[in-house]
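Reading through the structure tokens given below for one structure.
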Amino acid sequence: MDTPELMFVSMADDADLNKERLELVLEAAGLDLWENDLVSGQVTHKAMKTFLELGFTEDEIVSGVQDIFGLFHPGDLEMVRQAVADHVAGVTPQYRAEFRLRSKAGEWVWFANYGRIMDRSSATPGKRLIGVTFNIHDRKHKEDEIAQINRQLVEQNRLLQELNTTLELLAANDSLTGLSNRRTLMELGANECKRTERFDHPLSLLVVDIDLFKAVNDVWGHIAGDRVICAVAQACAARKRSGVDIVARFGGEEFVIVLPETDGASALCVAESLRHEVAALAVPVDHGGASISVTVSIGVATLHKGSGLGFEDLVNRADKALYRVKEAGRNAVYCADLPQGACAAGQMHCSDPQDCAGGSLLS
């Protein structure tokens, strides 16, 4: 039978063995054990390994570095204290915190704490706060690198979105006038034809051509010709109802205006008003103050539900009406849907052009 002395020695040996095992596990895991007396405020077991990692010698740890809170980064200290207070108050089941400590060389090194009050049910509850400290500096640097990469990706995605938007605009618009280009016109026009068939609204279209434009280029040059094209484009765009009409450069000196929910009479009124406005323009062509005036010829066509025609058919009808104007002498408006003999040479002008100055009218 074991004597009390032998039992005491055996228990002491077991305690020493368990302590050695614990120290080995903590060392292998890179953990530094510490303990605080929350009643007295004293550090009963100092995190020696952490101080050594920070570059302090054992003598400095014993004599000079007594308060680890003095090494905390100012931006982290309040957060750590709040985390301790929350655990002591029972708000959190464990104490957890990540923070920066100043090394002996003055560098900031990231560490983390994990701890817990071990004696809440003892005679002196909440006295012993035990935990471990471990280095997370490499992990934090990797997180910062990933965060930086993510920020760069966000910025690159933003720039890419802006570039895509710009490219979409360039692909959809004419580079000289800013109007919709031919491809966009055909896509949007086809959709308007479907709406006409669905809702039984008339759809009118104007083909506008600058008269004798080749002479402008021959006499004044292509730069002056571009100015004329832009001036006429602006006059066409001024007739546009925002979000309703489509104004496009069809090619060269030719433009197309699509007027949804507009019957033939209203479209003719728009065309005649536009013709008068263009004729009144004085387009500057050089820095010497010289300017020129041009006229336009306009073909008009209207599409109704049940016609069986597509958007290309509507454009072709308006284009044929335009050629009738050219054959009759230019600077006029011709409607493809006008009954034969209804007006001399198929031309139609508003009885009072001022009545049409406000733009396209709804049917």
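These numbers were taken from a predicted model, which means no experiment stands behind them. Side chains are part of it too, since the values below use all heavy atoms of this structure and drop only hydrogens, waters and symmetry mates.
Sorted by first then second residue, the salt bridge (Lys or Arg N to Asp or Glu O under 4.0 Å) pairs that include residues 300-314, not counting sequence neighbours, number zero. Residue pairs meeting the side chain to side chain donor-acceptor pair (under 3.5 Å) criterion with at least one member in residues 197-216, sequence neighbours excluded: S204-T302, D209-K326, D211-T295, D211-S297, D211-K326, K214-D218.
Ion pairing between E78 and R81 fails under the 4.0 Å rule for side-chain N and carboxylate O. Ion pair E192/R195 flagged as a salt bridge, since at least one NZ, NE, NH1 or NH2 atom sits closer than 4.0 Å to an Asp/Glu carboxylate oxygen. Ionic pairing of R182 and E254 is not present here: no N-O contact between side-chain nitrogen and carboxylate oxygen is shorter than 4.0 angstrom. Salt-bridge formation is not detected for the pair E107/R102: no Lys NZ or Arg NE/NH1/NH2 atom is positioned less than 4.0 Å from an Asp or Glu carboxylate oxygen.
From E327, atom CD reaches atom CG of L322 across 10.0 Å, with rounding to the nearest 0.5 Å. In this structure, CG on D76 lies 12.5 Å from CG on L71, to the nearest 0.5 angstrom. Atoms CG and CG, from L259 and D245 in turn, are 5.0 Å apart once rounded to the nearest 0.5 Å.
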Audit row: N181, R249, side-chain hydrogen bond (donor to acceptor under 3.5 Å, both in side chains) steps and yes/no: CA-CA 6 Å; N181 59 23; R249 186 182 180 191; over 6 Å; no

Can you list the steps and then say if N113 with T133 is a side-chain hydrogen bond (donor to acceptor under 3.5 Å, both in side chains)? CA-CA 5 Å; N113 268 354; T133 299; 2.5 Å; yes

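Both L33 and Y114 belong to a common hydrophobic cluster when Ile, Leu, Val, Met, Phe, Trp and Tyr are linked at side-chain heavy-atom distances under 4.5 angstrom. Note on L203 and V208: separate hydrophobic clusters, where clusters join Ile, Leu, Val, Met, Phe, Trp and Tyr whose side-chain heavy atoms are under 4.5 Å apart, directly or indirectly. In the hydrophobic clustering of this structure, V207 does not group with V232; members are Ile, Leu, Val, Met, Phe, Trp, Tyr whose side-chain heavy atoms approach within less than 4.5 Å, directly or through other members. Each of V270 and L205 belongs to its own hydrophobic cluster when Ile, Leu, Val, Met, Phe, Trp and Tyr are linked at side-chain heavy-atom distances under 4.5 angstrom.
The shortest heavy-atom contact between V88 and I117 is CA-CD1, 3.8 Å. Minimum interatomic distance between I246 and G189 (heavy atoms only, all atoms of both residues): CD1-N, 4.2 Å. Closest approach of A321 and C335 over heavy atoms only: CB-C, 4.4 Å.
With sequence neighbours excluded, the residues forming a salt bridge (charged side-chain N to carboxylate O under 4.0 Å, His left out) with R158 are E155, E162, listed by chain and number.
By the 30° and 60° cut-offs, the orientation of the rings of F99 relative to F72 is tilted.
With hydrogens and angles left out, the side-chain atoms of R241 and T262 include a donor and acceptor closer than 3.5 Å. Using modelled atom types and a 3.5 Å distance limit, the side chains of H141 and E145 yield no donor-acceptor pair. With hydrogens and angles left out, the side-chain atoms of Q161 and N157 include no donor and acceptor closer than 3.5 Å.
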